[in-house]
Number of protein chains: 2
Amino acid sequence: MKDEKLVALFKENFPFWDDLSEIEQDTFINSSQYISFRKGTNIHNGNECTGIILIRSGSLRLYILSDEGKEITLYRLFPGEMCMLSASCVLNNITFDVFVDAEDNSECIIVGGCAYASLSERCDAAKIFALETALARFSDVMWVMQQILFMSMDKRLAIFLLDEISKVGGDTVHLTHEQIAKYMGSAREVVTRMLKYFSGEGIVELSRGGIKITDVKRLRALAT
Amino acid sequence: MKDEKLVALFKENFPFWDDLSEIEQDTFINSSQYISFRKGTNIHNGNECTGIILIRSGSLRLYILSDEGKEITLYRLFPGEMCMLSASCVLNNITFDVFVDAEDNSECIIVGGCAYASLSERCDAAKIFALETALARFSDVMWVMQQILFMSMDKRLAIFLLDEISKVGGDTVHLTHEQIAKYMGSAREVVTRMLKYFSGEGIVELSRGGIKITDVKRLRALAT
């Protein structure tokens, strides 16, 4: 008997689902598995083909990594979203290595890359879906690139802090300077210096508990 | 009568050409035009839909531009290559602005974006071709991003100089420090400082005429 929950999920997430034959649907289902990842786990590691990752709960972070261990976050993935760049055997044209970590405890479904690749050889809609999903992230990556390369640090940090409180709620960001630097592709010293500047200006209050936004209006002005 | 040269060219460059009906081929041809651009001309400017650019001779440079006028070169296009990111109406998922300049006097064929977009609605192969061509450049862009964000400046400059002499021939790079900085997404001061360092090390000789590579072996060592 088919896993009806999985079928409903695939129907919702893959627009070509109803066009597949019953055999193709079965193959698709059999190549897929539920996996839970604990916070901090590395899920995808460079150029191997982990498969397509569908996020059910939690969140994933996709990043690039330098030889010296420096990370740059490209984007995050949340429930209902899909990671296509981890399926390198589906995307022949992608030759760069990305890394994916679970940023929270996360429940995922992983669809096998080989099964999808062979399906997309027969089914144009599956191929088009994979290409469009991957290409949509190209724009996210360009945004990050422009943010890092073109924007001044104060603006970037203001945007980061505003994003965090809008995501988590409240007025306090519970991250260390080290973590913020990592997420922003910057150095801890740079983040600490800028936060001290913000604190001196009365925009934030710094404590062991985190970074409390005390003047959100000025922070917004910096971010625009 | 059809332009036989154009037909041969399309047959060579678009793998789905023979699958198109005669009417579709005619529409494709009628939406295309030969255009010559003088060196330095801006061909594509941000988010408009210029169309698909096929390069016949010369070379084009594709770059992003900050609000402050800073440029970062993403890649160059040479004869036989095709620019797909300039056809924004073909690629719905691409939301970032790129700019394209003629870097030499260049002869191009521009295929109208609207005509291609409506063709790709009916013809999966045309849609897949556009997506794959665009996605292939994602890897180039990631390479540039990693080079800029992760690599040290000496390494980057060494690679740039070696690329230039392998492209142009000879042992001298005839570019100003300002031009090199622009191409590398760096500042003139940084390039000048590094070139002086290279010169002090006997790797290059600087003169008004350009940058002469005097120790290509050491330059190669720096680049790896």
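Lettering follows sequence order; numbering is per chain, from 1.
- Side-chain contact between K127(A) and E132(B) is present, with heavy atoms from C-beta onward closer than 4.5 Å.
- Counting heavy atoms of neighbouring residues, nucleotides and ligands inside a 6.0 Å radius, atom CZ of R56(B) does not exceed 12 of them.
- Proximity to chain A (any heavy atom under 4.5 Å) is restricted, for L65(B), to the backbone atoms N, CA, C and O.
- A salt bridge (charged side-chain N to carboxylate O under 4.0 Å, His left out) check over residues 74-87 of chain B, counting only residues at least two apart or in different chains, returns the pairs R76(B)-E103(B), E81(B)-R137(B).
- When each of L74(A), I128(A), N92(A) is checked for heavy-atom pairs under 4.5 Å with chain B, I128(A) comes out on top.
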Q. Checking side chain to side chain contact (heavy atoms under 4.5 Å, CB included) for the pair N93(A)/F138(B): CA distance, chi angles, key distance, verdict?
A. CA-CA 8 Å; N93(A) 283 331; F138(B) 196 172; over 6 Å; no
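- Counting non-hydrogen atoms of other residues, nucleotides and ligands closer than 6.0 Å to NZ of K167(A) gives a total above 12.
- Counting heavy-atom pairs under 4.5 Å between each of L131(B), V141(B), T133(B) and chain A puts L131(B) at the top.
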Q. Step by step, would you call F96(A) with D140(B) a side chain to side chain contact (heavy atoms under 4.5 Å, CB included)?
A. CA-CA 9 Å; F96(A) 58 93; D140(B) 290 335; over 6 Å; no
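- The environment of K39(A) atom NZ is sparse: at most 12 non-hydrogen atoms of other residues, nucleotides or ligands sit within 6.0 angstrom.
- In terms of heavy-atom pairs under 4.5 angstrom with chain B, the leader among A136(A), A134(A), S139(A), A125(A) is S139(A).
- For L91(A), the part lying under 4.5 angstrom from a heavy atom of chain B is the side chain only.
- For OH of Y197(B), the number of neighbouring non-hydrogen atoms (other residues, nucleotides, ligands) closer than 6.0 Å is 12 at most.
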